[in-house]
Amino acid sequence: MDSMLASVEAECWRKANLPEDEEEEEARSALSVSSTLPVDPQPPTFQINTSWINDGAVSGLRWFYKDPIGAERFGLQGCRKSLSALHAEMEGLIWTMSCLRELHCTTVHMEMDSSDMVDMIANPSDWPAIASELVSFRLLQDGFLKFSIACIPMIRNLRANSFAKEVRCSGTLFSHIDQTQTDITSLRNDPDLPIT
């Protein structure tokens, strides 16, 4: 600790005794370095939802992401029914995280409309019935540089919710990941259309 304080004091003394020309040059170089540092962009936001009913045979999982230019990635999965709705939500989160790792996403923000899920992640010891799934979650979470999760109102998660219900209602076991573009982006890339 004393050596660190001594180093800081020595550096302050050196800067205080610099001739004015060198001081201005050092300030200019510090300014140019700080203006070229990368800005920490907002992490991509993925919305997740799961559809589960007590007497159903299949759970429906869905995640999606829309980037600022309109490209959209999404994943759909029909899987065997989970033990409970919370198990299905956790399986959906784990599947989404596995997909994102395969897509080489390292910084993500997840949104879902299950406050219990967010509480499970924040307070895992309060949820012993989901302990093994929480271990899988933590192992996947450690593979991301930045990871956050938040609860959003169901009204903001309608798209993921409706697709998850459709997957569950199909009664089919499958997994599908895809990327689409908005109509505007597709039109821009159409070689038969004149550029205006």
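Every value quoted in this text rests on a predicted model; they were computed, and no experiment measured them. For this chain, numbers begin at 1 and follow the sequence in order.
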Inset, instruction - Indicate yes or no: at least one non-hydrogen side-chain atom of L173 is less than 4.5 angstrom from one of V58. - result: yes
Inset, instruction - Drop me the distance from Q47's CD to D113's CG, to the nearest 0.5 angstrom. - result: 9.0 Å
Inset, instruction - Taking atom types as modelled, find out whether S148 and H109 have a side-chain donor-acceptor pair closer than 3.5 angstrom. - result: yes
Inset, instruction - Determine, stepwise, if the pair N49 / F163 fulfils side chain to side chain contact (heavy atoms under 4.5 Å, CB included). - result: CA-CA 9 Å; N49 207 320; F163 278 108; over 6 Å; no
N/O donor-acceptor pairs under 3.5 Å from side chains in residues 118-129, not counting sequence neighbours:
residue : atom : partner : partner atom : Å
D119    : OD1  : N123    : ND2          : 2.6
D119    : OD2  : W127    : NE1          : 3.2

Legend entry - Side chain to side chain, Y65 and V108, heavy atoms closer than 4.5 Å: no
Inset, instruction - Say whether F46 and F64 are linked into one hydrophobic cluster, either directly or through other cluster members, by side-chain heavy-atom distances under 4.5 angstrom. - result: no
Inset, instruction - Report yes or no: does D178 contribute a side-chain atom to a donor-acceptor pair with the main-chain N or O of F74 at less than 3.5 Å? - result: no
Inset, instruction - Look at atom NZ of K165 and say whether more than 12 heavy atoms of other residues, nucleotides or ligands are closer to it than 6.0 Å. - result: no
Inset, instruction - Please report the C-alpha distance between R62 and V167 in whole Å, then the side-chain angles of each, then the deciding distance to 0.1 Å, and finally whether the side chain to side chain contact (heavy atoms under 4.5 Å, CB included) criterion is met. - result: CA-CA 8 Å; R62 163 76 150 123; V167 169; 5.8 Å; no
Inset, instruction - Calculate, to the nearest 0.5 Å, the distance between atoms CD and CE belonging to E102 and M97 respectively. - result: 13.0 Å
Legend entry - Between SG on residue C99 and CD1 on residue I94, distance to nearest 0.5 Å: 12.0 Å
Inset, instruction - Rounded to the nearest 0.5 Å, what's the gap from CG on L83 to CG on L86? Could you check? - result: 11.0 Å
Inset, instruction - Identify whether L76 and I53 are in the same connected component of the hydrophobic contact network (ILVMFWY, side-chain heavy atoms under 4.5 Å). - result: no
Legend entry - Connected via hydrophobic side-chain network under 4.5 Å: M154 and L93: no
Legend entry - Connected via hydrophobic side-chain network under 4.5 Å: I152 and M117: no
Legend entry - Minimum heavy-atom distance between N157 and M112, given as atom pair plus value: ND2-CA, 4.0 Å
Inset, instruction - Quick one: pull up CZ in R101 and CD in Q141 and give me the separation to the nearest 0.5 Å. - result: 11.5 Å
Inset, instruction - With rounding to the nearest 0.5 Å, note down the distance linking CD in E91 to OG1 in T50. - result: 8.5 Å
Legend entry - L100/W63 under side chain to side chain contact (heavy atoms under 4.5 Å, CB included): CA gap, chis, key distance, verdict: CA-CA 10 Å; L100 299 181; W63 61 264; 4.3 Å; yes
Inset, instruction - Run the numbers on C79 and W95 for side chain to side chain contact (heavy atoms under 4.5 Å, CB included), then give the verdict. - result: CA-CA 11 Å; C79 58; W95 175 66; over 6 Å; no
Legend entry - Closest heavy-atom pair and its distance - S114, C151: C-SG, 3.9 Å
Inset, instruction - Look at the side chain of K81 and the backbone N and O of W52, then say whether any donor-acceptor pair between them is shorter than 3.5 Å. - result: no
